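Comments concern the structure below.
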Amino acid sequence: MAIQSSNSNLQMSAKAASYLPTANSDNMAGMRMAAPVVNSVQQIKMAKDVFQGSRMTANAGAEGVGAIAGRFSGAFGGVFQTIGKALKANLFTSALLSGISNVYELATGKVKPMQAAGNFVADTAAYTAIGATATTIGGFLGSLIPIPFVGTALGIGIGLLAGKLYEDHVRSKFSATVTQGIQSLTASAQQMGNNSTTPAATPTA
C-alpha cells in the first residue's frame with residue numbers, strides 16, 4: 001500500500017514538472033519555477049498531518065454543527081503551525097535553484113553582476129514565499145477533502161501558477177527594487193569605509 005502511494009506521488013510530481021517551461025539558455029524560469037515543486041509531496045504531507053492533528057483537537061467532544069465548525073477552526077489553526085516550517089523547508093531549495101539560474105545568466109552575459117545579485121535575492125525570497133504558501137494551502141485543502149492526492153495536486157498547481165505569475169508580471173520590478181537597495185547599501189558601505197580611512201585634518205595655528 002505504501003509502495004503504491006509513493007509511486008502515485010512520484011507520477012504526480014513528474015506530471016507537474018512536465019508543465020514547467022524548459023530551462024535553456026534563453027529561459028531559466030523553468031528551473032526557478034521548479035523550486036515549489038521539488039519537495040512539495042513531502043512538505044504537503046507534513047502540512048496535512050499538522051492540519052489533521054489540529055482538526056482532531058478542535059473536534060474533540062463536538063457533535064453536529066459543532067463538529068463541522070471544529071473541522072474548519074482546527075484546519076485554520078494549523079496554518080500557524082505549518083507556515084514557519086514550510087518557509088524553512090522551501091528556503092534552501094529556492095536559494096539553490098535561484099542561484100544556479102542566476103549564475104548561469106551572469107556567466108552567459110545576460111545580466112551584470114549587480115543585477116544578478118538583485119535577481120538572486122528577489123527570486124529566493126519570492127519562491128520561498130510561493131513554496132510555503134502552496135504547501136500550506138495544499139495541506140489545508142488536503143485535510144478537508146478526504147480524497148487521496150487532491151491536496152498535493154492543488155498545492156503543486158498553486159505553486160506553478162504563482163511562479164508563472166511572478167516570472168511574467170512581478171520579477172522584473174521586484175528585482176529592480178532589490179537591486180537598487182543593494183546598490184544603495186554598497187554605496188553607503190563604501191562611503192563609510194572612505195570616511196574611516198581619511199586622516200583627520202590637522203588644525204592650523
Side-chain angles (χ1 to χ4, degrees), residues 1-23 29-60 67-98 100-101 122-171 174:
M1 191 72 178
I3 296 177
Q4 181 179 359
S5 175
S6 178
N7 290 339
S8 299
N9 288 339
L10 291 174
Q11 291 172 2
M12 184 177 299
S13 295
K15 186 173 182 179
S18 69
Y19 292 106
L20 293 171
T22 303
M31 177 174 291
R32 292 188 293 270
M33 288 173 62
V37 179
V38 171
N39 297 320
S40 59
V41 173
Q42 179 180 359
Q43 292 173 11
I44 291 174
K45 182 181 184 302
M46 174 272 294
K48 183 178 177 181
D49 291 342
V50 171
F51 284 122
Q52 287 179 331
S54 298
R55 191 186 68 200
M56 290 175 64
T57 300
N59 281 343
I68 297 175
R71 183 185 186 94
F72 281 92
S73 65
F76 278 114
V79 170
F80 300 100
Q81 301 178 44
T82 304
I83 192 67
K85 295 179 181 178
L87 285 169
K88 183 178 180 180
N90 280 276
L91 177 60
F92 174 77
T93 303
S94 298
L96 176 63
L97 296 182
S98 297
I100 292 173
S101 67
D123 292 340
T124 299
Y127 281 106
T128 298
I130 288 171
T133 301
T135 297
T136 302
I137 294 176
F140 174 76
L141 295 176
S143 72
L144 295 177
I145 304 172
I147 302 176
F149 314 122
V150 169
T152 303
L154 290 173
I156 291 174
I158 291 168
L160 290 175
L161 177 60
K164 178 66 173 172
L165 291 174
Y166 167 75
E167 294 288 339
D168 291 346
H169 304 291
V170 179
R171 184 175 188 253
F174 182 36

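In what follows, residues are counted from 1 in the order of the sequence shown. Keep in mind the model is a prediction, meaning the values are calculated, not measured.
When all heavy atoms are compared, the tightest approach of A132 to L87 is CB-CD2, 3.5 Å. P36 and G131 make their closest contact through CB-CA, 3.9 Å (heavy atoms, listed as atom of the first residue, atom of the second, distance). Across all their heavy atoms, Y166 and A126 have their closest contact at CE1-CB, 3.4 Å. Across A86 and T136, no two heavy atoms sit closer than the pair CB-OG1, 4.3 Å. Shown here for M33 and L160, the closest heavy-atom pair between the two residues is CE-O, 3.6 Å.
Rounded to the nearest 0.5 Å, atoms CZ (R32) and CD (E167) are 4.0 Å apart. A distance of 9.5 Å separates CG in L96 from OG1 in T124, rounded to the nearest 0.5 Å.
When side chains are defined from C-beta on, Y127 does not count as touching T93, because their heavy atoms never get closer than 4.5 Å.
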